[in-house]
Protein chains: 2
Amino acid sequence: MTPPSDLIPSFDLASETEKAIFQAALEVFSRKGKDGARMQEIADQAGINKAMLHYYFRSKDLLYTSVFAHVMSSFFSKLESVMAKPGPFLDRLEEMVGVYIDMHAAQPEVARLWVQENLNGAPVARQILQQGLQTGAGPGPHILLERVRKAVDDGELQPVEPIQLMISILGMTVMFFISQPTMTALDPAISADTAAFLNRRKQHIIQVLRHGISQ
Amino acid sequence: MTPPSDLIPSFDLASETEKAIFQAALEVFSRKGKDGARMQEIADQAGINKAMLHYYFRSKDLLYTSVFAHVMSSFFSKLESVMAKPGPFLDRLEEMVGVYIDMHAAQPEVARLWVQENLNGAPVARQILQQGLQTGAGPGPHILLERVRKAVDDGELQPVEPIQLMISILGMTVMFFISQPTMTALDPAISADTAAFLNRRKQHIIQVLRHGISQ
DNA sequence: CGAGCGATTAACTAAATGGTTGAAACAAAT
DNA sequence: ATTTGTTTCAACCATTTAGTTAATCGCTCG
């Protein structure tokens with residue numbers, strides 16, 4: 001069933017079922033949180049028997065940790081690669097906003113899972129970070145912070161506290177995916193054509209970041 | 001024990017225990033979500049016997065719905081009263097950002113509960129809205145949307161899609177309270193003096209909204 | 001005092017949940 | 001065909017969980 005898609009010898013010889021479990025777990029955990037999720041629901045969503053969950057991942061805790069760690073490191077590395085590029089900071093920022101929104105549009109569960117973890121006090125995130133060795137996750141968001149500091153020093157930006165800007169960018173890009181039910185209830189145009197809405201969203205964020213909204 | 005604090009005949013003769021339950025439920029639900037929360041944990045946090053939860057609120061569902069509905073309507077009414085005031089839109093906005101952040105600083109659980117509900121697909125919020133009759137909740141966020149439309153028409157703002165601006169404001173003000181563990185891990189200065197950080201946050205948001213960050 | 005009544009509690013129940021197991025199905029190798 | 005190893009599953013177990021109950025506390029009022 002599972003053709004060895006490429007010959008890269010590294011990790012992840014994931015079988016179809018393993019991938020199905022992974023995706024189902026991501027969806028359920030991101031909606032209900034670690035404690036709210038039910039193993040049976042994950043199994044149903046993956047279309048497999050509950051025993052398989054424990055066959056591939058030993059326990060609920062391990063399943064959650066695996067999903068969270070994997071998903072975060074893949075997101076971070078993408079982020080880094082964008083921010084590491086050279087060029088004017090605001091252009092980098094513009095690309096980052098675009099990429100970030102596209103990533104979340106393709107997989108909104110990732111942001112939701114990250115929020116769930118934070119609402120819960122981020123115990124698993126802490127544990128992963130302390131083990132450290134994880135996937136060589138590297139500097140992660142620190143790159144963005146450093147880049148902002150440099151841009152301010154170089155006079156590219158008005159003086160801005162890096163962490164403040166980071167929270168603002170994160171908030172503007174991610175908030176929609178976190179509050180989608182409320183927002184679509186407020187404005188039906190969103191669900192009518194979500195892709196178009198998200199394109200307008202990118203432009204809006206860039207506009208605000210560059211020039212603000214005052215006339 | 002519970003002195004009839006004022007003679008307003010309306011609702012809410014809540015006893016001390018009822019208030020304790022309410023607050024404890026808010027805290028636990030906001031961390032774990034409706035399904036993740038345990039009635040025992042709520043009881044422990046409130047310092048009472050678990051049976052009292054069912055004595056005052058009949059079931060877990062009813063407790064959650066009560067807490068969510070109450071908390072949302074009180075937040076909305078505050079919001080409305082700020083936006084309804086006259087004066088230049090950007091001044092209103094500035095006041096709103098300040099009030100909003102202060103409210104969340106005083107009770108971060110409210111935003112967290114709202115996010116939990118949204119992550120879960122907002123079934124309870126929907127149900128409450130359909131019943132409608134609830135607390136005369138009124139127009140709620142629509143006031144903000146209308147106000148933005150008017151400000152654009154009057155030439156006070158650059159052309160902005162109201163819902164986009166609303167998401168941006170919400171994102172910038174609320175995101176910190178949702179992602180506090182991650183943010184404090186990234187910048188220890190935050191936990192050193194959170195009040196000062198939040199004041200800088202207000203100024204930053206206003207700066208971005210008014211003029212953006214480009215030099 | 002003591003009858004009445006709301007508030008409170010420990011002990012209990014039925015159902016749901018995380019996790020286990022032993023056997024069966026399946027595939028590839030010998 | 002037999003073996004060997006992996007994948008899959010139904011049935012099962014122990015614990016946890018929402019919800020109940022019946023008894024008790026503590027107050028107020030006659």
Side-chain angles (χ1 to χ4, degrees), chain A residues 1-5 7 11-68 113 116 120 123-124 127, chain B residues 1-5 11-68 113 116-117 120 123-124 127:
Chain A
M1 284 300 162
T2 309
S5 49
L7 294 182
F11 66 114
D12 224 0
L13 324 178
S15 67
E16 282 309 311
T17 32
E18 190 165 352
K19 284 188 232 164
I21 292 174
F22 204 91
Q23 182 61 26
L26 174 58
E27 284 165 24
V28 176
F29 279 136
S30 74
R31 297 211 159 277
K32 306 283 185 131
K34 178 178 156 183
D35 292 342
R38 302 288 156 228
M39 295 296 268
Q40 186 62 58
E41 192 182 344
I42 296 176
D44 292 347
Q45 179 112 358
I48 54 150
N49 189 283
K50 180 165 68 83
M52 300 305 300
L53 300 182
H54 295 91
Y55 178 76
Y56 282 98
F57 306 81
R58 289 217 321 223
S59 66
K60 191 185 185 182
D61 277 331
L62 242 41
L63 175 55
Y64 179 83
T65 305
S66 301
V67 171
F68 184 78
L113 184 68
Q116 287 278 9
N120 206 15
V124 176
Q127 165 204 326
Chain B
M1 284 299 160
T2 309
S5 49
F11 65 114
D12 225 359
L13 323 178
S15 67
E16 282 308 312
T17 32
E18 191 166 352
K19 283 188 233 164
I21 293 175
F22 203 92
Q23 182 61 26
L26 174 58
E27 283 165 25
V28 177
F29 279 134
S30 74
R31 295 211 161 276
K32 305 285 185 130
K34 177 178 157 183
D35 293 341
R38 303 287 159 232
M39 294 295 268
Q40 187 62 58
E41 193 182 344
I42 296 176
D44 292 347
Q45 179 111 0
I48 53 149
N49 189 284
K50 180 167 68 82
M52 299 306 296
L53 300 183
H54 295 91
Y55 181 74
Y56 282 99
F57 307 81
R58 290 214 323 221
S59 66
K60 191 184 184 182
D61 277 330
L62 241 41
L63 175 56
Y64 179 83
T65 305
S66 301
V67 171
F68 184 78
L113 184 68
Q116 287 278 10
E117 173 67 11
N120 206 15
V124 177
Q127 165 204 325

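Note that the structure is a prediction, hence the values are computed from the model and not measured. Throughout, protein chains are lettered first and strands after them, A, B, ... in sequence-line order, and every chain is numbered starting at 1.
Partners of N120(A) according to the side chain to side chain donor-acceptor pair (under 3.5 Å) rule, which considers only residues two or more places apart in sequence or in another chain, do not exist here. Every residue meeting the side chain to side chain donor-acceptor pair (under 3.5 Å) condition with Q23(A), not counting sequence neighbours, appears here in chain and number order: E27(A), Q107(A). In this structure F57(A) satisfies the ring-ring contact (aromatic ring centres under 6.0 Å, His included) test with no other residue, sequence neighbours excluded. In terms of the side chain to side chain donor-acceptor pair (under 3.5 Å) criterion, residue partners of Y56(A) (sequence neighbours excluded) are, by chain and number, S15(A), T17(A). A search for side-chain contact (heavy atoms from CB on, under 4.5 Å) contacts involving A46(B) returns A20(B), A24(B), I48(B), not counting sequence neighbours. Partners of F29(B) according to the ring-ring contact (aromatic ring centres under 6.0 Å, His included) rule, which considers only residues two or more places apart in sequence or in another chain, are Y64(B).
Proximity of S15(A) to the phosphate of dT7(D): no side-chain N or O atom is located under 4.0 Å from OP1 or OP2. OP1 and OP2 of dA7(C) both lie 4.0 Å or more from every side-chain N or O belonging to T17(B).
A salt bridge (charged side-chain N to carboxylate O under 4.0 Å, His left out) check over residues 39-63 of chain A, counting only residues at least two apart or in different chains, returns the pairs K34(A)-D61(A).
The stretch residues 48-66 of chain B comes close to DNA chain D through K50(B), A51(B), H54(B), S59(B), K60(B), each having a heavy atom under 4.0 Å from the strand. Contact check of residues 26-38 of chain B against DNA chain D (heavy atom, cut-off under 4.0 Å) returns A37(B), R38(B).
Looking at heavy atoms from C-beta onward, H54(B) lies in side-chain contact with M39(B) at the 4.5 angstrom threshold.
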